[in-house]
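Each remark here refers to the structure printed beneath this line.
For the numbers below, each heavy atom of this structure counts, side chains included, while hydrogens, waters and symmetry mates do not. Quick note on labels: first sequence line is chain A, next is B, and so on, each numbered from 1.
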There are 2 protein chains.
Amino acid sequence: MNRRSIIRLSKYKNTLQRLKAMGFVKVFSDNLADALGIRSTQVRKDFSQFKITGNKRGGYIIDELLEKILRILGKTSIQRVVLVGIGNIGRALLHYKGFENEGIEIDSAFDINPDKQTGRDDISVYPMEQLVGYIQKEKIEVAVIAVPDIAAQRVFDLLLQAGIKGVLNFAPIRLRGPEQIPVTNVNLVLEIENLFCFVNAKKEE
Amino acid sequence: MNRRSIIRLSKYKNTLQRLKAMGFVKVFSDNLADALGIRSTQVRKDFSQFKITGNKRGGYIIDELLEKILRILGKTSIQRVVLVGIGNIGRALLHYKGFENEGIEIDSAFDINPDKQTGRDDISVYPMEQLVGYIQKEKIEVAVIAVPDIAAQRVFDLLLQAGIKGVLNFAPIRLRGPEQIPVTNVNLVLEIENLFCFVNAKKEE
DNA sequence: TTTATATTGTGAATAATATCACATAATAAA
DNA sequence: TTTATTATGTGATATTATTCACAATATAAA
Ligand SMILES: NC(=O)c1ccc[n+]([C@@H]2O[C@H](COP(=O)([O-])OP(=O)(O)OC[C@H]3O[C@@H](n4cnc5c(N)ncnc54)[C@H](O)[C@@H]3O)[C@@H](O)[C@H]2O)c1
Ligand SMILES: NC(=O)c1ccc[n+]([C@@H]2O[C@H](COP(=O)([O-])OP(=O)(O)OC[C@H]3O[C@@H](n4cnc5c(N)ncnc54)[C@H](O)[C@@H]3O)[C@@H](O)[C@H]2O)c1
C-alpha cells in the first residue's frame, strides 16, 4: 500500500513481461529479486501485502502473477492522460513510444499557444480555455504538467477545478493543493545536484 | 548523509535563493519547513547532520546558510555533465535553460549518429568513439544517459571504462555496475503507473 | 535589570521500511 | 511410501527516517 511497494510492483511487471517474452512460464521470488537488485524476502513481503500467493516450492506462474499485478496496477484498460505544455519536455513525451507500449495514452495536449505542433496528427492540441471542460467530459484522471514554473500552480489549480485525480509535474516548484490528490514531481536539476553531492562525498572518504 | 536529506538540502537552497531575491535576510526553520511541506524539526535535524548552526532565537542568516549549503552540494564551481543520446529527451535537456541557471552545464553531447542537431551551437556533438577519451581528458564526472533501453547498458559500460563517477539514466532498465558509482533512474512510465495505482486505490476507499 | 518569549539543537521516542528466521507445504528422490 | 529438499509466507527483529520533547540561550519587553 506504500509508494515504494507499488513502484516495485511496476518493476516486477516489467521483469515478468520480459521473462514471458523469453518463453519462461515459472518464476521464483529469487529471480525477481535479482532483476531488481533487492532481496527475495522483499519480493514475497510485497506479494503478501497485496494478497498475491504462489506455490510452495513451485514459485509463481508468470501468467497468473502478471495478471494479478496488472489488475492491482489498474492496467486492465488504457490509462489516459492529458499533457499541459507542449515545450521541450512536452514534445519529448509526445514522441515517446514507450507509453503506448505500456498501455498509457496521451489523450490530448493543451497549451497557452495551441498553434504549437505536436508532430503527431493523432493527438489534438487545445487552448487552455477548453482544459477544464475536456477533462470533465472525457473523465480524464491524470495530467502531466510541463509548463514553465511560474505557470505551473495556475495550471494545477485549473486541473483541480476540473476534478483531476493525480498529477505528474515537471516544473521545479511545490504545487499546493488538497492532500488527497497525489502529485509526483520530476525535478531533474535536483537529481543532478544530488549526484554531484554523492560524487563529492565519495572523494573525501 | 542520506539521499533524502541531500535532496532536501537542494530544496532549501532553492527556497533560500528565492527568499534572498525577495530581499529577505533572515529565515527560520519554520519558514523552510513550510516551503517544503515538512516539519521544522526535520529542517533542524538536517542542518544538525551537516553541522550547520544558526542563532538561538535568531534563526539563520540567509547568506551564510546559503553559502554553507552550496558548499555541501559542491556548487562552488560549474557542474559539468556530458549527455549521451540526442533524441527526444536529450534535445529537451539541451534546450533547457534551468540547468545553466543552477550552475549545471551540458559540456558536450555524444550520439551514435553525430550528425544529429542539438539546436545549440555552443555544444559540440561527438561520435561515440570519442566518449571515453573526452571524459578522461576533460575530467567529466557525471553523465546523462538518454539512449534507447537496449543501448543503455553498453553506454554505461563505456562511461564506467572512462571513469565516470555518477549517472542520470532515462532508460527504463536497471544498469548493472559497481556499487560505489551512483545511478539515478528517471522512469516516467513507472511514475505515471504509480499515479494511476494511487488514483484507483483512492476510489475503492 | 529582570522576566517573558521565541527559536535552536539534539537525545529519546515513534513510525516506516526492510531483513531475518523459521514454520509450512509441495515436490522430488530414496 | 517415507524422507529430503526447496520455496513460500509471515511474525519477529533490525534498520532507517521522522517527529517529539525539552534544555539551552539569545532577544525583546517590562
Ligand atoms: N526541458 C527540460 O529538459 C526540463 C528539465 C527540467 C525541468 N523542466 C521543467 O519542465 C517545464 C517545461 O520545460 P520546457 O523546457 O518544456 O519549457 P518550454 O518553455 O519549452 O515549454 C513550456 C510550454 O508551456 C506553454 N505554456 C506557458 N505558459 C502556459 C500556461 N499558463 N498554460 C499552458 N501552457 C503554457 C508554452 O507555450 C510552452 O509550449 C518547466 O517547468 C521546466 O522548468 C524542463
Ligand atoms: N522521450 C520520452 O519522453 C521518454 C520518456 C520515458 C523514457 N524515455 C527513455 O529515454 C531514453 C531516450 O528516449 P528518447 O525518446 O529520447 O529516444 P530517441 O530514440 O528519440 O533517441 C535516442 C538517441 O540515442 C541515440 N543512440 C541510439 N543508440 C545509441 C548508442 N548505442 N550510443 C549512443 N547513442 C545512441 C540515437 O541516435 C538517438 O539520437 C529511452 O531509453 C527511453 O526509453 C524517454
Next on the checklist: Run the ring pair (Phe, Tyr, Trp, His ring centres under 6.0 Å) test against Y126(A) and tell me which residues pass, sequence neighbours left out.
Outcome noted: F110(A), Y134(A)
Checklist entry - When all nucleic acid strands are considered with a 4.0 Å heavy-atom cut-off, which category describes Y60(B): base, sugar-phosphate, or nothing? => result sugar-phosphate
Item to check | E67(B) atom CD: more than 12 heavy-atom contacts under 6.0 Å | outcome: no
Checklist entry - Below 4.0 angstrom from OP1 or OP2 of dT10(D), is there any side-chain N or O of S48(A)? => result yes
Next on the checklist: Regarding T53(A), tell me which of base, sugar-phosphate or nothing describes its non-hydrogen contacts under 4.0 Å with the strands shown.
Outcome noted: sugar-phosphate
Item to check | salt bridge (Lys or Arg N to Asp or Glu O under 4.0 Å) involving D63(B) - partner list, sequence neighbours excluded | outcome: K20(B)
Item to check | Residues forming a ring pair (Phe, Tyr, Trp, His ring centres under 6.0 Å) with Y96(A), sequence neighbours excluded | outcome: F99(A)
Checklist entry - Could you run down nucleotides 13-22 of chain C 5' to 3' and tag each one B, S or - for protein heavy-atom contact under 4.0 Å? => result ----SSBBB-
Item to check | Contact residues, residues 20-36 of chain A to DNA chain C [heavy atom, < 4.0 Å] | outcome: none
Next on the checklist: Testing the 3.5 Å rule here: is there a donor-acceptor pair between the side chains of R44(A) and S29(A)?
Outcome noted: yes
Item to check | ring pair (Phe, Tyr, Trp, His ring centres under 6.0 Å) partners of F47(B), counting only residues at least two apart | outcome: Y12(B), Y60(B)
Item to check | Atom-to-atom span, CZ of F50(B) to P of dA17(D) - whole angstrom | outcome: 12 Å
Item to check | For I181(B), side chain to side chain contact (heavy atoms under 4.5 Å, CB included) partners two or more places apart | outcome: L160(B), P178(B)
Item to check | Of all pairs that satisfy salt bridge (Lys or Arg N to Asp or Glu O under 4.0 Å), the ones with a partner from residues 181-191 of chain A, not counting sequence neighbours | outcome: E191(A)-R3(B)
Checklist outcome for this item: I52(B) CD1 to dG9(C) P, in whole Å, measures 10 Å
Checklist outcome for this item: Under a 4.0 Å heavy-atom criterion, the protein footprint on nucleotides 25-30 of chain D, written with B, S and -, is BBBS--
Next on the checklist: Once salt bridge (Lys or Arg N to Asp or Glu O under 4.0 Å) is applied, what residue pairs with a partner in residues 21-34 of chain B remain, sequence neighbours excluded?
Outcome noted: none
Item to check | Nucleic acid contacts - residues 174-186 of chain B versus DNA chain C, non-hydrogen atoms under 4.0 Å | outcome: none
Checklist entry - Atom CD of E64(B) and atom P of dT8(C): how far apart are they, to the nearest Å? => result 14 Å
Item to check | side chain to side chain donor-acceptor pair (under 3.5 Å) evaluation trace for K75(A) with Q79(A) | outcome: CA-CA 7 Å; K75(A) 294 246 136 203; Q79(A) 299 181 317; 3.0 Å; yes
Item to check | For atom CZ of F47(B) and atom C1' of dT18(D), their distance in whole Å | outcome: 16 Å
Checklist entry - In a check of side-chain contact (heavy atoms from CB on, under 4.5 Å) between K13(B) and each of R8(B), E102(B), R18(B), which one passes? => result E102(B)
Next on the checklist: Give me the atom names and distance for the closest heavy-atom approach of L16(A) to I62(A).
Outcome noted: O-CG2, 3.9 Å
Next on the checklist: Show me the pairs that pass salt bridge (Lys or Arg N to Asp or Glu O under 4.0 Å) and involve residues 147-163 of chain A, at least two apart or across chains.
Outcome noted: none
